[in-house]
2 protein chains.
Amino acid sequence: METDKTRSDCPVSRTLDVFGDKWSLLIIRDLMFGNKCTYNDFLKSDEGIATNILASRLKGLEENGIIEKSPHPDSKAKIMYKLTTKGIDLLPIIMEIYIWSEKYFPMSAELKAIIKEAKKDKEKFAKQIAKGLKKA
Amino acid sequence: METDKTRSDCPVSRTLDVFGDKWSLLIIRDLMFGNKCTYNDFLKSDEGIATNILASRLKGLEENGIIEKSPHPDSKAKIMYKLTTKGIDLLPIIMEIYIWSEKYFPMSAELKAIIKEAKKDKEKFAKQIAKGLKKA
DNA sequence: AAATTCGCTTGCAATTTGCAAGTGCAAATA
DNA sequence: TATTTGCACTTGCAAATTGCAAGCGAATTT
């Protein structure tokens with residue numbers, strides 16, 4: 001998952017080099033829907049990512065312009081990671097993963113309800129979430 | 001990318017264990033849009049997947065019910081891999097990857113045109129492709 | 001002043017990858 | 001009929017990546 005592994009010029013292959021990896025996708029998901037934004041947030045999150053892997057994925061995502069660092073409002077010791085526009089544009093992909101996920105795995109009624117809502121008008125839902133992510 | 005790495009019961013995490021990996025996604029993509037269906041098709045395709053990795057990914061995808069083997073009409077020596085319904089349901093995800101890809105990577109005018117068409121009515125496009133995949 | 005929190009880095013064993021070569025069966029060719 | 005080719009893998013091995021625990025410097029809290 002480091003940069004520039006493919007010599008393939010296939011755009012999809014290049015795209016998957018950027019974020020087509022479980023941990024990268026989970027980080028992106030956490031940023032979009034998990035209310036998580038610091039290194040420790042990601043580290044402590046359910047999935048159990050190892051600290052060095054987290055660091056390497058954050059680096060990769062930043063190098064590829066998907067996320068960026070910014071000062072955390074609470075403290076100078078903290079760093080806030082946030083999605084760039086390029087990263088926010090991944091929303092529809094993550095949404096479709098959730099939709100597939102709901103069809104094939106058990107899920108809380110709460111989450112099911114949100115997904116049901118999202119499916120009703122995907123674009124509207126995406127825009128709403130994107131707005132929230134941009135203003136932050 | 002073998003089965004059951006996560007003890008996490010997060011459905012998205014479990015989903016990404018099934019196909020959240022560059023090679024798995026490229027195989028799925030090849031099955032959907034690449035007109036590829038045999039081991040050698042995948043092996044010779046642009047991305048340059050190693051033969052052992054290909055075997056392991058095919059195994060994983062089969063175990064997870066995304067693809068299945070079937071006899072090849074041309075020859076008894078050949079095996080035809082095809083997407084199950086569960087696999088075909090991944091179409092919207094792959095489509096969104098293409099759409100993102102088109103926004104951030106150079107791409108042939110031909111492919112751009114197809115994506116433009118797909119964006120006009122995603123559901124219709126998906127249904128069309130799904131129909132083609134099911135009948136085969 | 002001391003302890004804790006934060007965002008990492010480092011070391012190391014274990015797993016996974018990538019590459020090349022090989023295997024066993026089916027089918028086409030000589 | 002004998003032989004070569006094509007197909008779907010498997011195997012061996014070096015190199016890279018992972019997962020885990022421990023450590024580290026700067027900022028913050030006590």
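All chains are named by letter (A, B, ...) in the order of the sequence lines, taking the proteins before the strands, and each is independently numbered beginning at 1.
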Fill in: Neighbours of DNA chain D within residues 28-36 of chain A, by heavy-atom distance under 4.0 Å
none
Discussion item. Going by side chain to side chain contact (heavy atoms under 4.5 Å, CB included), name the residues that satisfy it together with A:Glu62, two or more places apart in sequence or in a different chain.
Written reply: A:Ile67, A:Lys69
Worksheet, complete the sentence: Rounded to whole Å, CD1 of B:Ile53 lies from C1' of C:dG18 at a distance of 7 Å
Worksheet item: Whole-Å distance between C:dC25 C1' and B:His72 NE2?
Response: 17 Å
Residues 85-99 of chain B, side-chain donor-acceptor partners within the protein, below 3.5 Å, at least two apart:
residue: B:Lys86; atom: NZ; partner: B:Asn64; partner atom: O; Å: 2.9
residue: B:Asp89; atom: OD2; partner: A:Lys103; partner atom: NZ; Å: 3.1
residue: B:Asp89; atom: OD2; partner: A:Tyr104; partner atom: OH; Å: 2.4
residue: B:Glu96; atom: OE2; partner: B:Lys122; partner atom: NZ; Å: 2.8
residue: B:Tyr98; atom: OH; partner: B:Arg29; partner atom: NH1; Å: 3.4

Item to complete: Could you tell me the separation between the CD1 atom of A:Ile49 and the P atom of C:dT9, rounded to a whole number of Å?
Response: 14 Å
Discussion item. Is it true that, when you exclude B:Lys124 itself, more than 12 heavy atoms of the residues, nucleotides or ligands shown sit nearer than 6.0 Å to its NZ?
Written reply: no
Please write out the pairs of protein N or O atoms and N or O atoms of nucleotides 27-30 of chain C separated by less than 3.5 Å, giving the distance to one decimal.
residue: C:dA27; atom: OP1; partner: B:Lys76; partner atom: N; Å: 3.1

Worksheet item: Is a side-chain donor-acceptor pair under 3.5 Å present for B:Glu110 with B:Ser108?
Response: no
Worksheet entry | Any residue meeting salt bridge (Lys or Arg N to Asp or Glu O under 4.0 Å) with A:Lys119, in chain and number order, not counting sequence neighbours | A:Glu102
Practice prompt. State which of C:dC8, C:dG18, C:dT17 makes the closest approach to the side chain of A:Lys69.
Written response: C:dC8
Worksheet entry | B:Trp23-B:Phe42 aromatic ring centre distance below 6.0 Å | no
Discussion item. Nearest whole Å is fine: how far is C:dC8 P from A:Leu61 CG?
Written reply: 13 Å
Worksheet item: Under 4.0 Å between a side-chain N/O of B:Trp23 and OP1 or OP2 of C:dT16, yes or no?
Response: no
Protein-nucleotides 10-15 of chain D N/O pairs under 3.5 Å:
residue: D:dT10; atom: O4; partner: B:Thr51; partner atom: OG1; Å: 3.4

Worksheet entry | Sidechain-backbone polar pair: B:Tyr81 side chain, B:Ser70 backbone, donor-acceptor under 3.5 Å | no
Item to complete: Round to the nearest Å and state the distance from A:Lys78 atom NZ to D:dA26 atom P.
Response: 20 Å
